[in-house]
Amino acid sequence: MHVILYMAQTINGIIATENYSEDFLSDTHWKGFLSLAKKTRCFIVGRKTYEAVKKWKDYTFDTIKAAKIVVSKNKQFTLSKAYVLAHSPKDALEKAKKLGFQNVLLAGGGTLNSAFLKKMLIDEIIISVEPCALGKGIKIFSEENVECKLKLLEITKLKEGIVQLHYDVIKKEFRKKK
Ligand SMILES: NC(=O)c1ccc[n+]([C@@H]2O[C@H](COP(=O)([O-])OP(=O)(O)OC[C@H]3O[C@@H](n4cnc5c(N)ncnc54)[C@H](OP(=O)(O)O)[C@@H]3O)[C@@H](O)[C@H]2O)c1
């Protein structure tokens, strides 16, 4: 399974404010997400992202023509009909595979991104950087003890000063643990 992580963030790696707002991000990032979701036809999100997006007025996951997998430890968590529930990153990928997908889009948030990275399950990372900084908020990787080395593939300058960075994940330890 090939996993592509796509995230929109501030220059200092913040993907949402502490109260789950993404109002500092341009609409261009959502379009980037939609375009990748159209390509992979399957995306995976954490339970908190699913719930945050459900409250939005102008954007929704519901109408996206893709398999939508939500990850939660809660086996009783109830989802709308078009969504599939998974209980770990591995379970999410197994469910995607059973549905016939070989490529999936991992779409946050920071906690789920970390869980995938910890298990070395991310193959590519595409980061869309908004020209702004926020001191506080939810980070792209929420746990402090995750790390990986990347190979830069491409830099694309988009409108409104947004820069998109595309990386391959190098799947080996790059620092000796003390
Ligand atoms: N800017 C962007 O590109 C972008 C993209 C996506 C999301 N976001 C924002 O990110 C925020 C949410 O991020 P977040 O880090 O707080 O939450 P999150 O990663 O979306 O969701 C966290 C939840 O996912 C489940 N989960 C995570 N790891 C798991 C694992 N290993 N096994 C089983 N379940 C697991 C747990 O659900 P349970 O508690 O139910 O067990 C956990 O509480 C939202 O504000 C959203 O808008 C921004």
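Note that ligands are numbered from 1 as they come in the structure, with each ligand's atoms numbered from 1 the same way. Index from 1, following the sequence.
Of the N or O atoms in Leu112, one or more lie within a sub-3.5 Å distance of an N or O in ligand 1. Among the atoms of Met7, none of the N or O lies under 3.5 angstrom from an N or O of ligand 1. Polar contact with ligand 1: present for Arg47 (N/O pair, distance under 3.5 Å).
Side-chain atoms of Ser72 never come within 3.5 Å of backbone atoms of Arg47 as a donor-acceptor pair (strictly under, hydrogens ignored).
The closest protein non-hydrogen atom to atom 7 (C) of ligand 1 is Thr49 OG1, 3.1 Å. For atom 42 (C) of ligand 1, the nearest protein heavy atom (residue, atom name, distance) is Thr111 CG2, 4.6 Å. The protein atom (non-hydrogen) at minimum distance from atom 30 (C) of ligand 1 is Pro89 CD, 3.9 Å. Here the protein heavy atom with the shortest distance to atom 32 (N) of ligand 1 is His87 O, 3.4 Å. The protein non-hydrogen atom at the shortest distance from atom 17 (O) of ligand 1 is Lys48 CB, 3.3 Å.
Residue-level proximity to ligand 1 for Glu22 is carried by the side chain, the only part with a heavy atom below 4.0 angstrom. Contact annotation: for Ala107 versus ligand 1, heavy atoms closer than 4.0 Å belong to the backbone alone. The residue Val53 has no part lying near ligand 1, judged by heavy-atom distances below 4.0 Å. Both the backbone and the side chain of Ile15 come within 4.0 Å of ligand 1, judged by heavy-atom distances.
Remark: Ser114 OG to Lys139 NZ distance equals 8.5 Å, nearest 0.5 Å.
Ligand 1 has Leu25 within reach: a non-hydrogen atom of the residue lies less than 4.0 Å from it.
Proximity of atom 4 (C) of ligand 1 to the protein is indicated by at least one non-hydrogen atom lying closer than 4.0 angstrom.
Considering only non-hydrogen atoms, atom 31 (N) of ligand 1 lies nearest to Ala115 out of Ala115, Ala86, Ser21. Summarising the contacts of atom 1 (N) of ligand 1 with Ala52, Gly137, Ala8, Ala92, the nearest heavy atom is found in Ala8.
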